[in-house]
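Take a look at the structure below.
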Amino acid sequence: MISQIAKKKYLAEILVLVGILITISSAVMFYFEPYFYFGFLSGLVISIIGKSIYNSVRRNIKEDIVPQLYREHLGSNLYRQSEGFSQSEVYSSHLLKMHERFISEDLISGEIFNRKYKMSEIFLYDTLPNSKKPISSIVFSGLFIQVNLESRLPDSVYVIPKGSEQFDYLPLKNKRATSNALIDQTFDVYSRDKNGVNKLFETPFSESLTEVNKRYKKLFVAVKKHATYIAIDSRKEVFTIRMFRPLNKQFLDDLTNEIEAIKTIIYSLVTNMSWQITLVVL
């Protein structure tokens, strides 16, 4: 299936490129010979046809292929392309600090390990400092996941990439060392309660974080009383393809790997009964 779509995308790109070349050359030659006006129109038509084919490929990927992949691996049963998380939902997790511009789209929801979840892409932007014109700079681009896992830990625990400036909810006095040296080398862990941190990192959760972090260096996790949140700053649009960029099996493999990373973390929490995770309704 992906090879057929890739061929269709390649055809679209050729048509667009050929159309642009014909249009430009005809526009130049029109100065010498008016009949090249028809070449100019032909180039436009070819480009439009190519763009139309490309748009159909994008829709096929965005609306069929990728959602089907998520349904197979995550059990998603709802996909709403134009919807996403609200700002309040994301920022109330306290996992990421507020930024000037917020976008969320491609909402997926369903159940994983008998727990309901919601997931979508989010994009956070700030204006570049010291620029003559306002230019937005992306500071986060990736998946944000909310899972209805409720912990009985004394207080929320936030796991942040080492040195990240994305977290500003708790002060440095609430930064905690864990019993795992590798975790302490890789992440900054914050919580108001030290005992809860120790309890959490005595579980398979530590191994899951270490495993996932090998692939995704900007991994954020918040284990809160009412829900668990995961954010992966992968700096890519998961549901979108680009013209003149390769589309092959690796595209699907990358998506599958991201799904498995999410499942690894959630499973380590779901199966950890020592600190009593309970079920809540989102």
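Computation of the quantities below employed the complete heavy-atom set of this structure, encompassing side-chain atoms and omitting hydrogens, waters and symmetry-equivalent molecules. None of these values were measured; they are calculated from a predicted model.
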Nearest heavy-atom neighbours spanning [X] and [Y]:
X      : Y      : answer
Ala222 : Ser93  : CB-O, 4.3 Å
Tyr229 : Gln146 : CE2-CG, 3.5 Å
Glu89  : Ser86  : OE1-N, 2.9 Å
Leu200 : Thr203 : O-OG1, 2.6 Å
Phe187 : Leu219 : CE2-O, 3.7 Å
Ala12  : Gly50  : CB-O, 3.3 Å

At what distance, to the nearest 0.5 angstrom, does [atom1] of [X] lie from [atom2] of [Y]?
X      : Y      : atom1 : atom2 : value
Tyr190 : Asp168 : OH    : CG    : 10.0 Å
Thr210 : Ile183 : OG1   : CD1   : 3.5 Å
Lys51  : Ser56  : NZ    : OG    : 10.5 Å
Glu202 : Asn180 : CD    : CG    : 11.0 Å
Thr23  : Ile46  : OG1   : CD1   : 7.5 Å
Glu100 : Thr127 : CD    : OG1   : 3.5 Å

Could you tell me if the side chain of [Y] sits less than 4.5 Å from the side chain of [X], heavy atoms only?
X      : Y      : answer
Met119 : Ile262 : yes
Ser156 : Tyr169 : no
Arg115 : Ile266 : no
Lys162 : Thr186 : no
Tyr117 : Ile108 : yes
Phe220 : Phe140 : yes
Asp193 : Val197 : no
Lys263 : Ile112 : yes

Would you say Lys217 has more than 12 foreign heavy atoms packed within less than 6.0 Å of its NZ?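 Yes, the 6.0 Å shell around NZ holds more than 12 heavy atoms from other groups.
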Donor-acceptor under 3.5 Å ([X] side chain, [Y] main chain):
X      : Y      : value
Glu207 : Ser268 : no
Ser206 : Phe201 : yes
Ser179 : Asn198 : no
Lys225 : Leu153 : yes
Tyr91  : His99  : yes
Ser104 : Glu121 : yes
Asp188 : Gly163 : yes
Asp184 : Thr178 : yes
Arg176 : Arg192 : yes
Ser25  : Ile22  : yes

